[in-house]
Amino acid sequence: MRTIDVARGLWQGRAQARTNDMNLFFDIRVAVIAALDEMVSQGVLPAGLDYANVAVEPPRDPLHGDMATNAAMVLAKPAKAKPRDIAEGLAEKLAGDGRIVSADVAGPGFINLRLDPGVWAEVTRDVLKSGADYGRSALGQGVRVNVEFVSANPTGPMHVGHTRGAVFGDALASLLDFAGYDVTREYYINDGGAQVDVLARSAYERYREACGLEPAIREGLYPGDYLIPVGAAIKAKYGRELLEKPEEDWLAELREFATEQMMDMIRGDLASLGVKMDVFSSEKALYGTGRIEAALQRLEDLGLIYEGVLDPPKGKLPEDWEEREQTLFRSTQFGDDVDRPVKKSDGGWTYFAPDIAYHWTKIERGFDLLIDVFGADHGGYVKRMKAAVSALSEGKVTLDIKLVQLVKLFKNGEPFKMSKRAGTFVTLRDVVEQAGADVTRFHMLTRKNDAPLDFDFAKVLEQSKDNPVFYVQYAHARVCSVLRKAQEAGWDMSDARLAQAELPAPWHPAELELVKKIAEYPRLIEIAARASEPHRVAFYLFDLASDLHALWNRGNDVPELRFLQEGDEAASSAKIALARACAVVISSGLAILGVTPAEEMR
RNA sequence: GCACCCAUAGCUCAGCUGGAUAGAGCGCUGCCCUCCGAAGGCAGAGGCCUCAGGUUCGAAUCCUGAUGGGUGCGCCA
């Protein structure tokens, strides 16, 4: 698992930083560390121990207790003591904590903790009081992070591949935001290269078509229908005046015009998915400002630019390979495989050069952490980009690059090849219109970003239990349904009222399982944020929904477990408080994923 | 040839930054609707965590190598 290096340092340094909300695992860990400190001051343990690896987590087997800590095993070696000995002493101290009913040493030195049932009531009340803020963390407090994602070329509509990057980047940004980071969502528009010339020429042909002439969509131009309205728009703006003019008279203007149109379309695509960028940065805007020259000058001042000749790649040689001296960035000094050219043979910049300048602007804007979300096909670009950021920031800013694996399309179980020419090009709009934004987003987050994703239209469109998003939304809808029924009975089921309900004691095992899962949420958020892995939220929600469904179903056999206790407002309030707490967490998690918490399934 | 990513149940995949008896969904077997929504639940079968070494109290997790797959490899972005 990868982590954000910067965040790791901050995590350890800020271990005490947190919000006022309850984070049960965090709180108990504080108690464990306090107990350890006490043992140090009593001379039982040596001073100066590093507690960083001391964890308080759910035990693998619920029979072991409510929580477990590995403190004794982690500290055994540095403290030069036997794990069991440390564990015995630590367990004794922990048993004195009011929230802890028992602390038992088990296995190689685990300490299993059993918590007072009152703790679970406290968690439930806390969720109801904090509402959407429950689980919010101070993990990233004071860290400004820039998440650059999508950055699709402004030459056409977004396709399914972009969709995954968009969903992942957006969910990651939301997750980091929830974990306390100061997040900026950013899109880099590649509007400076040759591909926008191609776009302009393609649009020109559609313009001719709009004027009643036969378009000449030559090989190498973009044939897509999406340029037809662009051609019409050009005609509306310029009339027929461009028809007789040579390319050099209209190229620059149409480049800008068409790019604008494409970006409008892309913004629309993103909006249909529920993605909203904070900043759009233009590559072209860097040209002529001296930014690119300045960035490269800076690298040159650092002795990282030189004129040189690269060795040809090993293995099969490109057909047009010839030895050539070029302007190179010494990226090998930062772990890259070869130095990278920044100028083309025609004197223009390579794609890399403005990208260096662009990343420099991010550094200068004061971000502490940069995250780029790339498609896996850009994996070869990772090392040089990291090298550039490391060089320009003199190692002060970390660039973390998350690669998103490509999406494998299926239709009715058959692999489905996308091809612009064959017209089997599946756009983001196609997907969203057919499957809906919620389903698309959730499905794309049910896989780790670096694992390939199968996207089968038949399965994704199917509104069944095979579709995890329905399972999770269904759990939320069920709670809403119960609330509606309770309110029909004339009972006050506001969160404020529920937070004061007398909660069940003792708890039924099915209820306990649910409330324990709810208690894990803040910890899950921090784990997911530290790993930059929003898919963990999706998996957590599935588990949480599963616990709710399980409890619900128990109500079929055990009437006392039903959320609605006919004619008994007090008893119902207690049950519904728990259900509502679950719904609050589902809603919170779905918000991070950008999925609507359905109030009813229709 | 080199770099990056991946390899866990029949299939698709999780596995909480090294912990206890490795989990879920689908599929398979068997149960559960005069009962707050069965779009669901419960139980069961199913594993050499690709292979071989290494690190240590302890490895699916970290390191090295092998094998198999994906992606990329100067003047495209």
Side-chain angles (χ1 to χ4, degrees), chain A residues 1-3 8 53 55 57-61 64 68 70 73-74 76-77 82-83 106-110 112 151 153 155 190 192-195 283 309-316 318 320-324 326 328 336-341 343-348 350-352 355 375-383 403 405-406 446-448 450-452 454 459 463-468 470-471 473-474 477-478 481-482 485-486 520 523-524 526-528 530-531 533 535-536 538-540 542-543 546 549-557 559 562-566 572 575 579 600-601:
Chain A
M1 183 183 63
R2 280 188 303 282
T3 55
R8 181 202 308 196
N53 291 325
E57 48 196 11
R60 192 174 290 295
D61 186 337
H64 292 148
N70 62 357
M73 289 180 294
V74 170
K77 187 183 265 185
K82 287 181 188 162
F110 280 101
N112 291 324
S151 296
N153 286 342
T155 56
N190 294 128
Q195 78 280 0
E283 174 191 357
V309 177
L310 288 178
D311 292 334
K314 298 282 194 291
K316 52 181 183 288
D320 58 346
W321 174 267
E322 54 180 273
E323 231 178 49
R324 175 176 288 127
Q326 43 193 347
L328 298 166
D336 201 356
D337 312 299
V338 289
D339 292 333
R340 304 294 178 174
K343 268 187 187 172
K344 298 193 281 192
S345 56
D346 65 6
T350 60
Y351 168 77
F352 189 33
D355 218 353
D377 54 341
H378 287 56
Y381 208 68
V382 170
K383 285 186 178 176
L403 293 181
Q405 280 291 334
L406 305 179
T446 53
R447 212 103 301 175
K448 222 169 13 186
D450 56 8
D454 290 348
K459 279 188 190 163
Q463 304 203 349
S464 76
K465 59 187 173 180
D466 294 2
N467 223 333
F470 284 96
Y471 187 81
Q473 288 188 316
Y474 181 35
R478 275 185 148 172
S481 164
V482 168
K485 288 226 159 65
E520 275 180 50
R523 183 170 172 274
L524 178 277
E526 293 187 344
I527 288 166
R530 278 157 64 197
E533 293 183 344
H535 75 276
R536 290 176 189 265
F539 280 91
Y540 168 83
F542 187 83
D543 286 347
S546 174
H549 288 308
L551 174 55
W552 183 289
N553 204 250
R554 284 306 198 87
N556 290 339
D557 303 326
R562 294 178 193 169
F563 295 122
L564 277 178
Q565 298 292 317
E566 194 89 20
S572 297
K575 306 289 183 184
E600 52 185 356
M601 308 297 281

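Chain identifiers are assigned alphabetically (A, B, ...) following the order of the sequence lines, protein sequences preceding nucleic acid strands; residue numbering begins at 1 within each chain. Below, each value reflects all heavy atoms present in this structure, side chains not excepted, and no hydrogens, waters or symmetry copies.
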Practice task
Pick base, sugar-phosphate or nothing for A:Pro452, based on heavy-atom distances below 4.0 Å to the nucleic acid.
Solution key: sugar-phosphate
Problem - Polar side-chain contact A:Arg523-B:rC16 base: donor and acceptor under 3.5 Å - result: yes
Exercise for the section: Answer with base, sugar-phosphate or nothing: what part of the nucleic acid does A:Phe563 contact at a heavy-atom distance below 4.0 Å? Expected result: base
Handout entry: Quiz item: A:Asn112 side-chain donor-acceptor pair to B:rA20 base, under 3.5 Å
Key = yes
Practice task
Using a 4.0 Å heavy-atom cut-off across all strands, classify A:Ala477 as base, sugar-phosphate, or nothing.
Solution key: nothing
Practice task
Determine yes or no for a side-chain-to-main-chain donor-acceptor pair under 3.5 angstrom, with A:Thr350 supplying the side chain and A:Pro341 the backbone.
Solution key: yes
Tabulate protein N/O versus nucleotide N/O from nucleotides 74-77 of chain B, keeping only pairs under 3.5 Å, one per line.
unit_1, atom_1, unit_2, atom_2, d
B:rG74, O6, A:Asp320, O, 3.1
B:rG74, O6, A:Glu322, N, 2.8
B:rG74, N1, A:Glu322, O, 2.5
B:rG74, N2, A:Glu322, O, 3.1
B:rG74, N2, A:Arg324, N, 3.3
B:rC75, O2', A:Ser345, N, 3.3
B:rC75, O2, A:Arg324, NH1, 3.1
B:rC75, O2, A:Ser345, OG, 2.4
B:rC75, N3, A:Arg324, NH1, 2.7
B:rA77, OP2, A:Tyr351, N, 3.4
B:rA77, O3', A:Gln195, NE2, 3.3
B:rA77, O2', A:Asn153, OD1, 2.7
B:rA77, O2', A:Asn153, ND2, 2.9
B:rA77, N3, A:His378, NE2, 3.2

Exercise for the section: Using the P atom as the reference point in each nucleotide, state the distance between B:rG44 and B:rG25 in Å, no decimals. Expected result: 12 Å
Practice task
Choose from B:rA20, B:rU17, B:rG37 the nucleotide whose nearest atom is closest to any side-chain atom of A:Tyr474.
Solution key: B:rG37
Problem - Rounded distance (Å) that lies between atom P of B:rC5 and atom CD of A:Glu533 - result: 13 Å
Handout entry: Rounded interatomic separation in angstrom, taking CZ from A:Arg60 and C1' from B:rU21
Key = 9 Å
Handout entry: Pairing residues for A:Asn190 by the side chain to side chain donor-acceptor pair (under 3.5 Å) criterion, not counting sequence neighbours
Key = none
Completion exercise
Residue set satisfying side chain to side chain donor-acceptor pair (under 3.5 Å) with A:Asp337, at least two apart, ordered chain then number -> A:Lys383
Exercise for the section: Between A:Ser546 and A:Pro83, just flag the one whose closest nucleotide in RNA chain B comes earlier from the 5' side. Expected result: A:Ser546
Problem - Sugar-phosphate, base or nothing in reach of A:Ala486, heavy atoms under 4.0 Å - result: nothing
Exercise for the section: Ignoring backbone atoms, establish whether A:Tyr471 has a side-chain N or O less than 4.0 Å from OP1 or OP2 of B:rG41. Expected result: yes
Practice task
Provide the closest heavy-atom pair for A:Trp552 versus A:Val482 in the form atom of the first, atom of the second, distance.
Solution key: CZ3-CG2, 3.6 Å
Practice task
Nearest-nucleotide wise, let me know which of A:Arg447 and A:Glu520 is further upstream toward the 5' end of RNA chain B.
Solution key: A:Arg447
Practice task
Could you tell me which residues satisfy side chain to side chain donor-acceptor pair (under 3.5 Å) with A:Glu322, sequence neighbours excluded, listed by chain and number?
Solution key: A:Arg324
Exercise for the section: For A:Tyr381, enumerate each residue passing the ring pair (Phe, Tyr, Trp, His ring centres under 6.0 Å) test, keeping only those at least two apart in sequence or located in another chain. Expected result: A:Tyr351, A:Phe352
Practice task
Quick one: list whatever passes ring pair (Phe, Tyr, Trp, His ring centres under 6.0 Å) with A:His64, sequence neighbours left out.
Solution key: none
Exercise for the section: Would you please confirm or rule out a distance under 4.0 Å between OP1 or OP2 of B:rG25 and any side-chain N or O of A:His549? Expected result: no
